[in-house]
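I have a structure here, written as structure tokens, and I will follow up with some questions on it.
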Amino acid sequence: MATITAVPPAAPEPQMSALSRIVGVFFSPGATFRDIALRPNCIAPMILLIVIWFGLCAALVKRADWVDYTKQQIEKNKFAASHIEALPEAQKEAAYEQGAQRSKISQYVRGVIGWPLLILFSAVINFAAFKLIGGVRTNFGTAFAITAFAHLPISLRELLAIPVTFLKDPQSIDPQNFLASNVAAFLGDSAPVWQLIFFGSLDIFSIWAIILMAIGFSAADPKKAPMGKALGIAFGTTFSFVLLFTMIAWIFL
């Protein structure tokens, strides 16, 4: 009588720690996102994103010339510029000061709620795109975790910008483009808003994040979203919105 040998079950893969995942996103994204897809958790990257961004916001509030920045923003908006030009000089200066104070407050508010809202919006858009176009079989919780980890290169940009902010002259600090990692940083303050939006999207760290997004969704369902297809969906989705916002700015601003 033949003897049947029992095959022991395969040992489960060891789960990566939160720190290992954060490091792995930069150095071994394939294996890291496979682990994230199996056991999604977004707490660690969200905390890191918020803490670094809040630190940069505090540095910008302390160092940037917000009155000068407010003037530049008003000059770029033809509606606001026409309104402010009609005011007496004293009222102009008061309006600039009030605008500077509002900008500082909004910077701190963005430091707290900015990343959660951005990750939520990005996760919804990419989850829908990969579901509808790629047929990826995953859930929103996994998509949210992939999105949070994929945006860590943006947090690296912000971390690098903190010491740069303290080294630069206050009048040369642009709170919206705080690190020269994109084409818009070299256009100058007089560039139209639509050019700043379009060329601002051509950012080293943003493109890195898009590639990581593709790796993440491909890891979630490699059969439905092989790497080439995932890259096409990730870049197509992102730059569709870039073109939309560029067109709106070109028409109205």
Side-chain angles (χ1 to χ4, degrees), residues 19 22-23 25-27 44-77 80 93 95-119 121-122 147-212 238 242 245 249 253:
L19 180 60
I22 290 170
V23 174
V25 162
F26 296 99
F27 297 102
M46 285 301 300
I47 291 174
L48 188 62
L49 289 166
I50 293 171
V51 168
I52 293 177
W53 176 236
F54 193 85
L56 176 60
C57 289
L60 289 171
V61 167
K62 182 177 179 61
R63 290 285 298 158
D65 186 336
W66 288 94
V67 173
D68 185 63
Y69 171 74
T70 301
K71 290 179 181 179
Q72 292 177 20
Q73 294 303 109
I74 290 174
E75 289 171 1
K76 291 177 184 177
N77 188 317
E93 294 303 321
Y96 293 143
E97 288 289 344
Q98 291 173 5
Q101 292 302 317
R102 285 195 298 268
S103 295
K104 290 180 181 180
I105 294 170
S106 67
Q107 196 74 19
Y108 279 122
V109 173
R110 287 173 61 195
V112 177
I113 67 172
W115 268 119
L117 291 177
L118 178 61
I119 295 299
F121 175 78
S122 181
T147 304
F149 276 98
H151 278 79
L152 286 177
I154 310 296
S155 192
L156 176 61
R157 180 185 67 179
E158 295 165 356
L159 185 63
L160 294 173
I162 293 174
V164 172
T165 299
F166 282 98
L167 292 172
K168 291 177 71 173
D169 179 76
Q171 288 191 329
S172 67
I173 297 172
D174 183 353
Q176 290 187 332
N177 202 355
F178 39 78
L179 193 67
S181 57
N182 59 71
V183 179
F186 303 97
L187 295 180
D189 297 332
S190 59
V193 176
W194 71 267
Q195 290 186 11
L196 296 175
I197 292 174
F198 180 78
F199 290 109
S201 68
L202 303 178
D203 181 272
I204 297 171
F205 296 94
S206 297
I207 293 171
W208 188 357
I210 297 170
I211 294 171
L212 290 178
T238 300
V242 170
F245 293 134
L253 301 177

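One is the number of the first residue; the rest follow in order along the sequence. The model shown is predicted, which means the values in this text are computed figures rather than measured ones.
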Is there a side-chain contact between W208 and L212, using heavy atoms and a 4.5 Å cut-off?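 In short, these two side chains touch, coming nearer than 4.5 Å.
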Any idea which heavy atoms bring A185 and A180 closest together, and the distance?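 Between these two residues, the closest heavy atoms are CB-CA, 3.7 Å.
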Rounded distance [0.5 Å steps], OH in Y69 versus CG in D65: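 So the gap between those two atoms works out to 12.0 Å.
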Just say parallel, tilted or perpendicular for the rings of Y108 and F54, cut-offs at 30° and 60°.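 It falls in the tilted class, 30° to 60°.
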Any heavy-atom pair between the side chains of L196 and N177 that's under 4.5 Å?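 Heavy-atom side-chain distance check fails, nothing below 4.5 Å.
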Heavy-atom closest contact (A59 atom, T165 atom, distance):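 Nearest pair, atom of A59 first, then T165: O-CG2, 3.8 Å.
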Which value, rounded to the nearest 0.5 Å, describes the distance between I154 atom CD1 and I52 atom CD1?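 It comes to 12.0 Å.
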Output the distance between atom CG (L49) and atom CH2 (W53), rounded to the nearest 0.5 Å.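 Reported to 0.5 Å precision, the distance equals 11.5 Å.
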In Å and rounded to the nearest 0.5 Å, what is the CD1 to CZ distance from I162 to R63?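 Here the interatomic distance stands at 13.5 Å.
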From I173 atom CD1 to K62 atom NZ, the distance as rounded to the nearest 0.5 Å: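 Separation between the atoms: 11.5 Å.
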Taking all atoms of both residues into account, what is the closest heavy-atom pair of I197 and A249, and its distance?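 Result for this residue pair: CD1-CB, 3.5 Å.
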Would you indicate whether the side-chain heavy atoms of K104 and Q107 approach each other to under 4.5 Å?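 A side-chain contact under 4.5 Å is absent here.
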Identified side chain to side chain contact (heavy atoms under 4.5 Å, CB included) counterpart of S122 within the set T147, T238, L117: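 One option only clears the test, and that one is T147.
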Minimum-distance pair of heavy atoms, taken over all atoms of F199 and L187: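 So the two residues come closest at CD1-CD1, 3.8 Å.
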Between D174 and Q72, is there a side-chain heavy-atom distance shorter than 4.5 Å?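 Result no, sub-4.5 Å side-chain heavy-atom pair not found.
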Would you name the heavy atoms of P153 and A150 that are closest together and state the gap between them?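 In terms of heavy atoms, the two residues are closest at CD-O, 3.2 Å.
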Does the side chain of E158 reach to within under 4.5 Å of the side chain of W115, using non-hydrogen atoms?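 Side-chain contact under 4.5 Å: yes.
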Nearest 0.5 Å, what's the CG-CZ distance between N182 and F205?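 Spacing of CG (N182) from CZ (F205) equals 10.5 Å.
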Looking at A64 and P175, what are the two nearest heavy atoms and their distance?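 Of all heavy-atom pairs spanning A64 and P175, the closest is CB-CG, 4.3 Å.
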